[in-house]
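First up is the structure itself, then whatever we jot down about it.
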Amino acid sequence: MLKGDDMETAQATEPAVRLDRVEPAIADRSDPAAVAAVQVPPVFQVTGLSVTYGSHLALADVTMDIRSKAVTAFIGPSGCGKSTFIRCFNRLNDLIPSARVTGQVLYHEDDLYSPTVDPVEVRKLIGMVFQKPNPFPKSIYDNVAFGPRVLRRKDELDGRVEMALRRAALWDEVKDRLKTNALSLSGGQQQRLCIARCLAVEPDVILMDEPASALDPISTSAIEDLMHELKTDYTIVVVTHNMQQAARVAEMTAFFSVDVGEDGQRTGVLVEYDETQTIFTTPADPRTEGYVTGRFG
Amino acid sequence: MTSTSALGSRRALTQDRVINWLFLSFLALSLLVGFLLLGALLVDVFRKGVGELSWSFLTNPPSSLPSRAGARPAILGTIYMMILLVVLTVPLGVGTAIYLEEYANKNRWYNRWLEINIQNLAGVPSIVYGILGLAFLVRGLGLGRVLLAGALILTLLVLPTVIVAAREALRAVPDSIRQGAFALGASQWQVVSRQVLPAAIPGIATGAILALARAIGETAPLLMVGALAFIAFNPTILGDFTALPIQIFQWISRPQEEFRHKAAAAIIVLLALLLVMNAFAVWIRNRYERRW
């Protein structure tokens, strides 16, 4: 499509509409001294976070920072609370009546769980992609347009939809059938549609809960390529079962494990959190080493 | 014991086949019973009633002379009743179902108490509702023996059924749809109104129409509330009224053979009205399914 010497013009015309990124509404960046103090301030600062379902402690005392404009992966065996943990970042655990979150999650400088924070506002800034592709039973266009419509950003809706689909590397496959039902897409396409749907809201952070575990290898690699693309503009947190995937996409990796208490209760704990390379080559904790070398889990 | 080969025991195979066959015959029998009974009913009604169906039957008021008796007030009463029922039950029933499914915290005692009560109400005999209507609506509120009182009592009668049907339809909407919408920053109201409710509408329509069709055929509560069998004028919402089941009941209890034929004709009209309602439900279902 592009001739070599046409690159400049192509680049200039490529995005139909340039959407201004919305600055996080609950972030306080008015203090330049505080911003300058840390080179790249973390997006999230989690301190002593625990999650209980009724009387069951599902995740205990997690403390970690999430780096900005990078991919952070959570790995660990089933039931280690990594999905529970990722849902704390967009307050999706609020939907479960018995779930209770204690401890602190700072988003930039603001307490995500402060009583003055509306979880609906949080989710506009912190998007999420789920394990099983969950497109709405509507047209491809309506799926992507749902977020902007809900947020009453209906100006240039066509442009927003196109931008989101382009960024999710789906535009060329669906541009001629935007009005067809999203459920007619393949699994991999559906998942990229869910990513496009999330991008159309123009979030700051994208949470991905095992985004490729229901997909075939080719679709999986498409999603991984997409993560590489997107991390220049977005902070990405990804839960994965697949250690190779964590090694391929993530700058930082957190390893979670399960502690079985005397009463048989299974509680997730953060074992180790470091640069991905360190986790996979010279982990500090023997449990991490056992997991990444495949000796257990 | 038995001859066995690589393909398994022969006796076990024959046994499976016999069981299969028995089960299929049982299914065919159940189907046959339903069809035969319905067929017999329809044939009987049509044989007696078709001859009576005429424009004057539809437009004449009842009369003590079989030759001049018509069902106009009863037909109008039933149509008014249908409209009132849809207007009253659908918003109330769907609203209750949405609260119970989407908003209520099931750990709270009052929500569980509500649920149990609604299920119990679905099992209360219709005559009991009629007594309630007589005591509370007709006498207590002084509404009188009017069409509105009848419609209100039928509303109470079918409301639990509509609620249960609507809840089933809402529950059939996968949770991943709700979570996906919430994760995009939609409020609870937006999730319900833009995703969950549209996805549940085909199921709600089917359930609600079936419940309403049942109500339209009810006789006992209307008798209690004071539906009259002999009305020579058009019913109004706040006036004396009758309905097709009442008219049918009254005609059948007459000694003259001719009135029995009138009753059969009225049954055909009632069936036709129910068919129209069901067709409407199918239309809603298809319309909403095609859009996706």
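Note that the coordinates shown come from a computational prediction; the quantities given were computed from them, not determined experimentally.
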Least distance between heavy atoms, B:Gly180 atom then A:Phe130 atom: CA-CE1, 3.8 Å
Identify the two heavy atoms, one from A:Pro97 and one from B:Asn105, that lie closest to each other, and give their separation to 0.1 Å. CB-OD1, 3.8 Å
Take atom OH in A:Tyr53; do more than 12 heavy atoms of anything else shown fall under 6.0 Å from it? yes
Minimal non-hydrogen separation, B:Gly185 against A:Lys124, with atom names: O-CE, 3.6 Å
What pair of heavy atoms forms the shortest contact from B:Leu184 to A:Val201, and how long is it? CD2-CG2, 3.7 Å
Region of A:Leu207 that comes under 4.5 Å of a non-hydrogen atom in chain B: neither
The reported gap from CD1 in B:Ile177 to NZ in A:Lys138 (rounded to nearest 0.5 angstrom) is 9.0 Å
Heavy-atom count around B:Tyr99 OH within 6.0 Å, excluding the residue itself: above 12? yes
Segment of B:Gln188 engaging chain A (4.5 angstrom heavy-atom cut-off): neither
Counting only heavy atoms not in B:Arg171, do more than 12 fall under 6.0 Å of its CZ? yes
Any chance CZ of A:Arg100 has more than 12 other-residue heavy atoms, nucleotides or ligands included, within less than 6.0 Å? no
Look up atom CE in A:Met128 and atom CD in B:Gln179, then write down how far apart they are to the nearest 0.5 Å. 8.0 Å
Side chain, backbone, both or neither: which part of A:Pro135 has a heavy atom under 4.5 Å from chain B? backbone
Which atom of A:Asn90 lies closest to which atom of B:Ala183, heavy atoms considered: ND2-CB, 4.3 Å
Is it the side chain or the backbone of A:Phe136 that comes within 4.5 Å of chain B heavy atoms, both, or neither? both
Answer with side chain, backbone, both or neither: which region of B:Arg194 has an atom nearer than 4.5 Å to a non-hydrogen atom of chain A? both
Around B:Ile237, counting heavy atoms of other residues, nucleotides and ligands shown, do more than 12 lie under 6.0 Å from its CD1? no
Which one of A:Arg197, A:Lys132, A:Arg91 has the most heavy-atom pairs closer than 4.5 Å to chain B? A:Arg197
